[in-house]
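In this text the structure is predicted, and so the values were computed from the model without any measurement. The figures that follow rest on heavy atoms only: side chains count, while hydrogens, waters and symmetry mates do not.
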Amino acid sequence: MISYAIIEDDKNTVSMLESIISENFSSLSNLGNASSIKEGIDLIQTTNPDFIFLDVNLEDGKSFEILEKLPNPTFKIIFITSYSKYAIEAFKFSALDFVLKPFTPSEITNAINKVIEQQNHEDYNQKITTFFHNYTSSQKKIVLSNVDSIHLVLIENILYAKSDNSYTTFYITDGREILVSKSLKSFDDKLSPYFFFRIHQKYLINLHQIKKYDKRNDKIVLLNDVSLPVSQGKKRQLLQVLKE
């Protein structure tokens with residue numbers, strides 16, 4: 001039987017979680033609830049759950065303190081948070097799942113199913129480490145996962161990304177090429193606030209890595225001297241972005 005614990009200081013949220021789980025997961029066992037950092041640490045150390053629901057903001061501080069005091073956790077985490085731009089960006093770049101308040105039953109059941117299906121714990125701990133880095137540092141890292149390995153890459157070190165249908169290849173300043181089974185659009189949404197620009201249906205570039213714009217041939221030349229085409233539909237917008 002898979003066990004879980006709830007670390008949440010809002011009683012209504014706790015009741016909702018317990019109700020959703022009892023209606024959809026008869027095989028899950030609740031080991032207890034906690035509403036503070038200290039209670040949460042004691043609960044985890046005493047019961048050793050398989051996964052926990054963890055509210056980002058508890059009555060006595062940020063729940064991340066629990067993970068700082070329990071490094072290399074043996075449990076998985078479903079984070080629960082109210083809207084916070086910085087926290088949400090950190091979750092997305094770190095490839096960690098989170099649930100926004102107010103949540104729906106389907107969002108909770110989907111999160112639980114993902115936790116149950118996760119296998120590689122070493123990869124998971126790397127994602128947790130990356131999350132802490134992204135939450136506290138201005139230099140963001142992104143998790144790029146494929147079948148063989150998980151890569152933690154500073155986004156400033158990405159030269160560009162190339163689309164191949166539902167796959168994306170990232171080209172890194174150190175010469176690495178990392179293929180991931182996600183569409184370029186999903187990364188465009190994450191990276192565009194960090195000076196990345198979609199110059200073509202196939203290419204997303206790091207604007208900080210531009211060497212020059214060859215207007216005669218409509219090509220961007222990057223610092224590593226790679227030339228990439230700029231589509232006619234993106235040309236005017238790109239020129240405006242570069243001027244700004």
- line: Which of L159, I220, L191 passes side-chain contact (heavy atoms from CB on, under 4.5 Å) with I205? It is I220
task: Compare all side-chain heavy atoms of L17 with those of F103 and state whether any distance is below 4.5 angstrom.
output: yes
query: Centroid-to-centroid, F75 to F51, below 6.0 Å?
result: no
message: Given L154, which partner from the list I158, N157, L152 fulfils the side-chain contact (heavy atoms from CB on, under 4.5 Å) test?
response: N157
message: Between N110 and N113, do the side chains contain a donor N or O and an acceptor N or O under 3.5 Å apart?
response: no
- prompt: D189: what forms a side chain to side chain contact (heavy atoms under 4.5 Å, CB included) with it, not counting sequence neighbours?
  reply: K185
query: In terms of side-chain heavy atoms, does N24 have a donor or acceptor partner in T109 at a distance below 3.5 Å?
result: no
- request: Count the heavy atoms of every other residue, nucleotide or ligand shown that sit under 6.0 Å from NZ of K202, and state whether that count exceeds 12.
  value: yes
task: Check the pair D214 / R216 against salt bridge (Lys or Arg N to Asp or Glu O under 4.0 Å), numbers first and verdict last.
output: CA-CA 6 Å; D214 180 356; R216 184 185 297 272; 5.5 Å; no
query: Would you say the side-chain atoms of S183 pair up with the backbone N or O of S166, donor to acceptor, closer than 3.5 Å?
result: no
Option from F170, Y194, F196 for which ring pair (Phe, Tyr, Trp, His ring centres under 6.0 Å) with F187 holds: F170
- prompt: Can you list the steps and then say if N33 with E18 is a side-chain hydrogen bond (donor to acceptor under 3.5 Å, both in side chains)?
  reply: CA-CA 10 Å; N33 308 325; E18 291 177 335; 3.0 Å; yes
- prompt: Partners of P229 by side chain to side chain contact (heavy atoms under 4.5 Å, CB included), sequence neighbours excluded?
  reply: H200, Y203
- line: With sequence neighbours left out, the residues meeting side chain to side chain contact (heavy atoms under 4.5 Å, CB included) with Q240 are E244
task: Ignoring hydrogens and angles, tell me if any N or O in the side chain of T47 forms a donor-acceptor pair with the backbone of L43 under 3.5 Å.
output: yes
task: Report the C-alpha separation of K76 and D50 in whole Å, then their side-chain angles, then the decisive distance to 0.1 Å, and conclude whether the salt bridge (Lys or Arg N to Asp or Glu O under 4.0 Å) test is met.
output: CA-CA 6 Å; K76 302 290 176 59; D50 293 308; over 6 Å; no
field: Main-chain N/O of L239 paired with R236 side-chain donor or acceptor, under 3.5 Å
entry: no
